[in-house]
Protein chains: 2
Amino acid sequence: MARTPQVFREEYDIDARVLHEAIQLDLGRRQVRVQKVGGGEPWWEPFDHLLIATGAVPIRPDLPGIHARGIYGVNTLQSGIDVRRAVDEDRPQRGVIVGGGYVGLEMAEGLRLRGLDVALVERLPQVMGTLDPDMGALVSDALRQAGVDLYLNETLSGFDVSDGRVRAVVTDRRALPADLVILGMGVRPNASLAADAGLALGERGSIRVNERMQTGVEGVWAAGDCAQSYHLVTRRPFYVALATVATKQGRVAGINLGGGHATFPGVVGTAVSKVCAVEVARTGLQERELRDLGWDYATATIRSHTRAGYYPGAGRITVKLLAEKGSGRLLGGQIVGAEGAAKRIDILATALHAGFTVGDVVHLDLGYAPPFSPVWDPVLAAVRQVLKLV
Amino acid sequence: MARTPQVFREEYDIDARVLHEAIQLDLGRRQVRVQKVGGGEPWWEPFDHLLIATGAVPIRPDLPGIHARGIYGVNTLQSGIDVRRAVDEDRPQRGVIVGGGYVGLEMAEGLRLRGLDVALVERLPQVMGTLDPDMGALVSDALRQAGVDLYLNETLSGFDVSDGRVRAVVTDRRALPADLVILGMGVRPNASLAADAGLALGERGSIRVNERMQTGVEGVWAAGDCAQSYHLVTRRPFYVALATVATKQGRVAGINLGGGHATFPGVVGTAVSKVCAVEVARTGLQERELRDLGWDYATATIRSHTRAGYYPGAGRITVKLLAEKGSGRLLGGQIVGAEGAAKRIDILATALHAGFTVGDVVHLDLGYAPPFSPVWDPVLAAVRQVLKLV
C-alpha cells in the first residue's frame, strides 16, 4: 500500500473512504450513489468535480468450470495474496497459465521459481503478442529454458472440475492437468459506471476524454486504466492499461481538477518486462500494426552486447527497428536481451516523441563507457542498419 | 585490437600501415611525408583524399622530475600494458593519481582493487569537474568509501626523484610518497601536423571542420579527437575527446570521403563513467557553463531508486536537472547512483537533441516495470520538480 487512508487524511487533508463502492452516477444532479462494501443503505454523495478512476477489470470468459477453486486472476493485492497462500498451503505440483502476456509470463516464472511444473497456453502463435514473431521467439526460448512448457496456437475451451476444484485446463487440442490455474488473458476498461451515466466510450470501451482528461461533461474527469489515451505515432485514439500511463493521466487530471492547466499529449506504446533470464522491451508500432495501417516500412535487426564485449558481465542483446520508407521516420523498436537491455527502449521512446527520423537517431550523443555499452550503442548499431534500407 | 592490418587488407582491401608515422603534410602538392617508426629515409606519399585522424595527446606538464621512472600516462595500449607490468613486477605499495577526471578515477579504482594505498590529487575543489559540485561530492564519497585518499584544491608542482625513480608527488601543500604515479590530466588535440600545413584550428586547438568533417581544403578531412565538434545546446563550436563522438565523426567523414553525403550535427555533452560503487553520468550544460553564458536557469535534484523500492537489487539514484527559466527548455542533467543509473542519461541526451522543454519531457512514455524503475522513472520525478521552478 503506497498510502493508507490515514496518510491521505493527515498529510493531504483528503477523505479517502476505502471499502465504499460507487454504484451509480447522476451527472445531471452532480451526485454519486455510494454503498459500503458488504451491504447497508446506499446514499447520494454530491460533487463539484468528479474523477472517474475505476481502472480495468481482468477478462474472464464465461467458460465451463471457470468458477472452480484453484483458478486465479492476479489483478488485486488480495488475489496475489490468495495465489501465494495457495502455493504455500495446497502444495500444487502442476500450474497452468492461460495467456502469454505480461501477467501470464511473470506468473509462469514465479511458479517455476516456487518449484511447480508449469505449462502455458496461448491462442496466438507466440507469447507476448506485442512483439513481432521473430522477437517473441526469443522470449519463448527463455521460457522453455526456464522449464516452462508452451502450448501456442491453442484456445482455451474450459476446465475439468471435480469436487468443485479445477483438475485440468482444456484447450481445443488437449487437456492439461492442473492443480493451480492462473488467468492472464488481459484486461478491459472498467467503464460501465461511466457508460450507464451516459458518458461516451471510445477505443476498446474506454472512457473518451480530451487532452485535459475531461469527459464530455464539464467538471467530470477520467484517468487511468478506464480512460482512453492517444497514440502519438499513429495519431489515433488508443487504449493501454499500464501504471506508467495511468499515473501520468492522473497527474494531469489532478492539476486540471485543482484549477490548473495541464494536458496529456499521449503515448508511443512503450512497455518493458523481465521474463526469466531476458529483459524485453517494445515501443512504437510493430509489423502487424504497420501492415494494418498500410504503411511502407523497412526493418533491421542486430545482435550486440549490453556492455563492451570484453567487459565483465557483458550479455547478449537483440535490437529490432522499424522505420518508414521514404521519410525515414522511426516507427518502432523492440529489444530482447540480458541485464541492461530493456531500458534502452527509452532512447527510442524519446525519439518517437520527437518525431525523429533514423537519420536523426544515428547521431544521438548517447553515453558510452565499457561498463555500459559497446562504442556503438546497440540501439545506434541497429539504426545504422535500417538507415541503409529506408 | 579491434582489427589487425591483415583484417584491413583481406576484408576491406585497405592497406593499413602500422608503425609508419606521417611527419609532414603538403596540401598544395597533395602528398604526405611518411617515415617508418624507428628511423629510415622518409618519403612522400601522394593522396587524392586525406583524412587526418591523429587523435589527442595526454597533457604532461614540464615539471621537475616528470620523466622519472614510475610515472605513467594511460593513453595507449602499450602504456596500459606498462602500468599492469609495473603493478605485477615492482609490487608498488603507494599509488598516487594526478587528476580527478575519467582516467584518473578509473585508475584509482583499479589500483585499489590491486591492493595499493591510493591518493588522488586534483587542483579543483572536486573530482569530476564535468559535474556540478553537489553531484561531484557524491563521487568523492564513493572514492573515499573505496579507500582512496583525496587531496582536492591542490596543484601539482613536481616530483621527488632518486636514482631516476619517482619517490613522491609534490603539490603546493605537501609531498605524497609514491611508488607509482598515474597522470590523468586530460588531453589536447594532436593537431600540430594539420596546423603546420596551414589548416585552421578552432576550439582548444582542434582542427576546424564543417558539418561534413571537411577542413578548409577540398578533399582534406579530419575526424575524431583531433577535430572540432559543435555543441547543440550552446550552438557554439566545442571540443570533446570521447570514443563515441570520434566514431560518429569517423563514420560521417568516411561516407563523404567515399563520395556519399553525410553530416555530423554535433554533440550535447554526454558522458558516463563507473567509479567504484557508483555510476556517473552527465549531459548538456552544468551550472558553471550556464553562469558563464549568463543564462537564467532553474535546477532541481531528487533522490529515488533504480528499481521499484520493494524490488530486489533496488539501489539509490540521485538525478539533477537544469532548465531554462521562462522557456522551460531542458539544458542539462547529471546522475549518480547504483547499477542501472548511468544510462538513464540517454533519455535526457535524446531530449536535448530534440530541443524539448521539461514540459515535453514529463510526458515521455518511458518503460516501467518493477525490475527497472519506480512508476515515475527517477528522470521524470526530477522533471516534475524542476517544472515547478521554470
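Only heavy atoms go into these numbers, but all of them, side chains included; no hydrogens, no water, no symmetry mates. Residue numbering restarts at 1 for every chain, and letters A, B, ... go by the order of the sequence lines. Please read all numbers here as calculations on a predicted model, not as lab measurements.
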> Is the side chain of B/D346 donor-acceptor paired with the backbone N or O of A/L366 at a distance under 3.5 Å, no angle test?
Replying inline: no

> Rounded to the nearest 0.5 Å, how far apart are CZ of A/R344 and CZ of B/R344?
Replying inline: 13.0 Å

> Which residues, numbered in order, of residues 382-390 of chain A come under 4.5 angstrom of chain B by heavy-atom distance?
Replying inline: A/R384, A/L387

> Got more than 12 heavy atoms from elsewhere within 6.0 Å of CZ, B/R112?
Replying inline: yes

> Hey, which residues of residues 330-340 of chain B are touching chain A, say heavy atoms under 4.5 Å apart?
Replying inline: B/E339

>> Using only non-hydrogen atoms and a strict under-4.5 angstrom cutoff, which residues of residues 231-245 of chain B touch chain A?
In response: B/A243, B/T244, B/V245

>> To check you understand the geometry: which heavy-atom pair defines the closest contact between B/V252 and A/H363, and what is its length?
In response: CG2-CE1, 3.7 Å

> For A/S373, is it the side chain, the backbone, both or neither that has a heavy atom under 4.5 Å from a heavy atom of chain B?
Replying inline: side chain

>> Need one label for B/L348: side chain, backbone, both or neither, based on atoms under 4.5 Å from any heavy atom in chain A.
In response: neither

> Which residues in residues 273-286 of chain B have any heavy atom lying under 4.5 Å from a heavy atom of chain A?
Replying inline: B/S273, B/K274, B/E279

>> To the nearest 0.5 Å, what is the distance between CD1 on A/I345 and CD1 on B/I347?
In response: 12.0 Å

> Taking the side chain from B/D365 and the backbone from A/G269, do they hold a donor-acceptor pair closer than 3.5 Å?
Replying inline: yes

>> Among A/W376, A/F264, A/F356, A/F372, which residue has the highest count of heavy-atom pairs closer than 4.5 Å to chain B?
In response: A/F372

>> Once rounded to the nearest 0.5 Å, what's the spacing between atom OH of A/Y368 and atom OG1 of B/T247?
In response: 9.0 Å

> Atom NZ of B/K343 and atom CG of A/D377: how far apart are they, to the nearest 0.5 Å?
Replying inline: 3.5 Å

> Between A/Y102 and chain B, which part of the residue has a heavy atom less than 4.5 Å away: side chain, backbone, both or neither?
Replying inline: neither

> What option among A/L380, A/V379, A/T263 has the most heavy-atom pairs under 4.5 Å with chain B?
Replying inline: A/T263

>> Does A/R316 have more than 12 heavy atoms from other residues, nucleotides or ligands lying within 6.0 Å of its CZ?
In response: no

>> Using a 3.5 Å distance criterion without hydrogens, assess whether the side chain of B/H353 forms a donor-acceptor pair with backbone atoms of A/D360.
In response: no

> So which of B/G266, B/P265, B/A246 has the largest heavy-atom pair count under 4.5 angstrom toward chain A?
Replying inline: B/P265

> More than 12 foreign heavy atoms under 6.0 Å from CG of A/L77: is that the case here?
Replying inline: no

> For A/V272 and B/A369, which heavy atoms make the closest approach, and how far apart are they?
Replying inline: O-CB, 3.5 Å

